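As structure tokens, the structure follows; a few thoughts come after it.
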Amino acid sequence: MEVLNIAPVRFEEGKMLVLDQTQLPGNTVYLEMQTKEDVWDAIYKLKVRGAPAIGVAAGYGLYVSVREVDAADYQDFYRQFMEVKNYLASSRPTAVNLFWALDRMEACVRRFEGRAGDPWKELQGEIKVALLAEAEQIRIEDERACRSMGEYGLTLLKPGMGILTHCNAGTIATAKYGTCLAPLYIGHEQGYDFKVFADETRPLLQGARLTAWELNQAGIDTTLICDNMASIVMKNGWIDAVVVGCDRMARNGDGANKIGTSGVAILAHEYGIPFYMFVPTSTIDRNTKTGDDIHIELRAGEEIYKLWYEKDMAPEGVKTYNPAFDVTPAKYITAVVTEKGILYPPYEESIRKIFEEE
Ligand code: MRU
């Protein structure tokens, strides 16, 4: 499947390239990231989006932003590194993979602290090599995690099933395969013949522009619906399972994902349809106790009434409320698919266990 080779972030011949997802489905354009401002802007404007892909972009982005630094000594390098790290961390607040990846990069620099007395120029070179290797590792691990979630996820699905998904948790939201779309790709290869319904996902249309685009290219039977049609397709008996991604899961199993996800979960509960959330362990935030503690990003109201329209679709000066995510309470999540296995309630316990096993 060709579409699986379209990576959201590439690092080739010393260049960091980001697939500009705001131009999809019309154009497949890669933008070179040369400065920290380029990386910040790409994340903020959703040129690169989806929690795991944001993590991958943060890793390479941090490397690219500090590779020209010529510091006086280790402390000076660390100070400059932290300035860039904190700046990139301010791009979007909800997807924990951003902070998780930036913290990994920081831990990489700190591993050299004990050698701060070594000849500095050589050490600085070594640190930069290690930072690039760490960014590569984040990408490689995510690809493996997605493949594994795909295999675990497929055990929950049967050939011919009708599946509803919200937003885009596909290959371009991750290093490869996607989280909740991974089992659909793997199943498709094995002739599962799924019938997928993609919510368009207002206001930024990740379902219409990205999920429908991905699945169509893969030759998976896909029907696009408006968000407010989820209930009728469930009532019609066309949906056997809901699969969604996650931006941050609290340690009690409450999961933040694209705005509208919690409504889909509540509907699925009402209709007795299993609701599966796909959550790599990099998206589980054990420092967050419950969904109430998750910072929900608020975005400009223009995204609601202007962005995709030729002229404004609301009266001038109208008040808007545009939260980018909502939290699905753990009680509506039938199972959480991670790369280490499938978790069932009570999530507080099953989440604790997979981290203990690490
Ligand atoms: O605002 P976005 O497009 O970054 O939101 C993306 C989502 O909500 C995805 O479902 C989530 O990040 C999981 S991606 C594997």
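Everything numeric in this text was worked out from a predicted model, so none of it was measured. All residue numbers in this chain count up from 1 along the given sequence. The figures here come from the full heavy-atom set of this structure, side chains too, leaving out hydrogens, waters and symmetry mates. When a ligand or atom number is given, it counts from 1 through the structure's own listing order.
Compare K258, H166, R49 by their heavy atoms: the one nearest to atom 1 (O) of ligand 1 is in K258. With A173, A95, C246 as candidates, the residue nearest to atom 13 (C) of ligand 1 on a non-hydrogen basis is C246.
If you number the atoms of ligand 1 from 1 as listed, the ones under 4.0 Å from a heavy atom of R92 come out as 1 (O), 2 (P), 4 (O). The A169 neighbourhood of ligand 1 comprises atoms 14 (S), 15 (C), with distances under 4.0 Å to a heavy atom of that residue. Remark: ligand 1 atoms within the under-4.0 Å shell around heavy atoms of Q206 are 1 (O), 2 (P), 3 (O).
Distance from atom 9 (C) of ligand 1 to its nearest protein heavy atom, with residue and atom name: N257 OD1, 3.3 Å. If you check which protein heavy atom lies closest to atom 8 (O) of ligand 1, you get D247 OD1, 2.7 Å. Shortest contact from atom 15 (C) of ligand 1 to any protein heavy atom: T179 OG1, 3.3 Å.
Ligand 1 has F325 within reach: a non-hydrogen atom of the residue lies less than 4.0 Å from it. Look at E297 and you'll find every heavy atom at least 4.0 Å from all atoms of ligand 1. Within the structure, ligand 1 has P52 among the residues with a heavy atom less than 4.0 angstrom away. Not a single heavy atom of A324 lies less than 4.0 angstrom from ligand 1.
The side-chain tip of R286 points at the ring of F355 from less than 6.0 angstrom away and within 45° of straight on.
Ring-plane geometry between W40 and Y87 is classed as parallel, the angle between the planes falling under 30 degrees on a 0 to 90 degree scale with a further cut at 60.
If you look at F275 and Y332, their ring centroids are not closer than 6.0 Å.
Under 3.5 Å, the side chains of N252 and E348 contain no donor-acceptor pair of N or O atoms.
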